[in-house]
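The next block holds one structure in the form of structure tokens; read it before the comments.
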Amino acid sequence: MAKLVVNQFFARETLKVAKDLIGTILTFGNCSGRIVEVEAYTNDEASHAHRRTDRSAIMYDTFGHVYVYFIYGMYHCLNFTTEKSQSGAVLIRALEPLSGIELMKKRRDVEDVRKLCNGPGKLCQALAIDLKLNGTRIGDKVKLIEGSRGEVKTSPRIGIKKATDLNWRFFEAGNPFASRIK
DNA sequence: TACTGGATTCACT
DNA sequence: GTGAATCCAGTAA
């Protein structure tokens, strides 16, 4: 397993980055998990990337950085910024927990491993990700390691679902750790 | 300064 | 399937 070349990886089209993130190992602190579901946000109206504000400026100014935002007064969502020349980001929607599982269980107050990280808010809670992480470089606190993908073209099987007109969800087909696909 | 809505989750029916 | 919880960011005035 190789450490991912962040600059090269995230400078590409958001949709390609999103697809290639499936199967990648994400580590933060003592916990790690395999990314099994993501959502690509390009410059469309449903996305924070549509309008430049103080909060969303990071998506215009950077790629390969962590973008965390707070939603519904209760949850955080973890994104990675993409594309060199325009705004874009990939929301991490679900992880398959690999290590630090006991810690995640404690944080989530849940015993069922499948329910630890099968949602954007849940995985942030399990990994203790909050706004303090916003703006940090990928590879700094949050690290990514190529998993079963990388050179592999055929597996894992990647499912694609349209979320909005321009946004797409990518998930590992048949993986029980992926969140509910609506 | 005040108001509004949201890329979610979970309990309840 | 429905609705409540909850608070920050964005917007209007």
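So you know, we letter chains A, B, ... as the sequences are listed, proteins then strands, and number each from 1.
For A:K122, a side-chain nitrogen or oxygen approaches OP1 or OP2 of B:dC10 to under 4.0 Å.
Taking atom C1' on both B:dG5 and C:dG3, the two are 16 Å apart, rounded to the nearest angstrom.
In terms of heavy atoms, A:C31 sits closest to A:M104 at CB-CE, 3.6 Å. Between A:F177 and A:N118, the shortest heavy-atom distance links the atoms O-CB, 3.5 Å.
Atom NZ of A:K105 has more than 12 neighbouring heavy atoms from other residues, nucleotides or ligands inside a 6.0 Å radius. Atom CG of A:N30 has 12 or fewer neighbouring heavy atoms from other residues, nucleotides or ligands inside a 6.0 Å radius. In the displayed structure, A:R12 atom CZ is contacted under 6.0 Å by more than 12 heavy atoms of other residues, nucleotides or ligands. Crowding of A:R51 atom CZ: a count of heavy atoms from other residues, nucleotides or ligands under 6.0 Å not exceeding 12. Remark: A:D112 CG is packed, more than 12 non-hydrogen atoms of other residues, nucleotides or ligands lying under 6.0 Å away.
Taking a heavy-atom distance under 4.0 Å as the criterion, the stretch of DNA chain C touched by chain A extends 5' to 3' from C:dA5 to C:dT11.
A:F70 comes within 4.0 angstrom of the backbone, heavy atoms only, and of no base. Nucleic acid contact for A:R52: none, since no nucleic acid atom lies under 4.0 Å from a heavy atom of the residue.
Counting heavy atoms from C-beta on, the side chains of A:I158 and A:F171 never come closer than 4.5 Å. Between A:T82 and A:V90 there is a side-chain heavy-atom pair separated by less than 4.5 Å.
Put simply, CG on A:L123 is 13 Å from C1' on B:dT9, counting in whole angstrom units. When the P atom of B:dC10 is taken as reference, atom CG of A:D109 falls 11 Å away, rounded to whole Å. Taking atom CZ on A:R55 and atom P on B:dG6, their separation rounds to 12 Å, with Å as the unit. Spacing between atom CD1 of A:I92 and atom C1' of B:dA7 amounts to 12 Å, rounded to whole angstrom units. Atom-to-atom, CG of A:N79 to P of B:dA7 comes out at 11 Å; the value is rounded to the nearest Å. Between the CG atom of A:L91 and the C1' atom of B:dG6 there is a distance of 13 Å, given to the nearest Å. When rounded to the nearest whole Å, the span between NE2 of A:H48 and P of B:dG5 equals 15 Å. Between the CD1 atom of A:I71 and the P atom of B:dA7 there is a distance of 5 Å, given to the nearest Å.
Side-chain N or O atoms of A:H65 include one that pairs as donor or acceptor with a backbone N or O of A:F63 at under 3.5 Å.
Helical stems in DNA chain C, defined as runs of 3 or more consecutive Watson-Crick or G-U wobble pairs with both donor-acceptor distances under 3.5 Å, are listed by first residue as B:1-6 with C:7-12, B:8-12 with C:1-5.
When the nearest nucleotides of DNA chain C are assigned to A:Y75 and A:R51 by heavy-atom distance, the more 5′-ward of the two goes with A:Y75. Comparing A:L131 and A:Y72 along DNA chain C, the residue whose closest nucleotide (by nearest heavy atom) sits nearer the 5' end is A:Y72.
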For nucleotides 11-13 of chain B, tabulate all protein N/O to nucleotide N/O atom pairs closer than 3.5 Å, reporting atom names and distance.
none

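The residue from A:L131, A:T136, A:V142 that alone fulfils the side-chain contact (heavy atoms from CB on, under 4.5 Å) condition with A:V68 is A:L131. The residue from A:Y69, A:Y67, A:F70 that alone fulfils the ring-ring contact (aromatic ring centres under 6.0 Å, His included) condition with A:H76 is A:F70.
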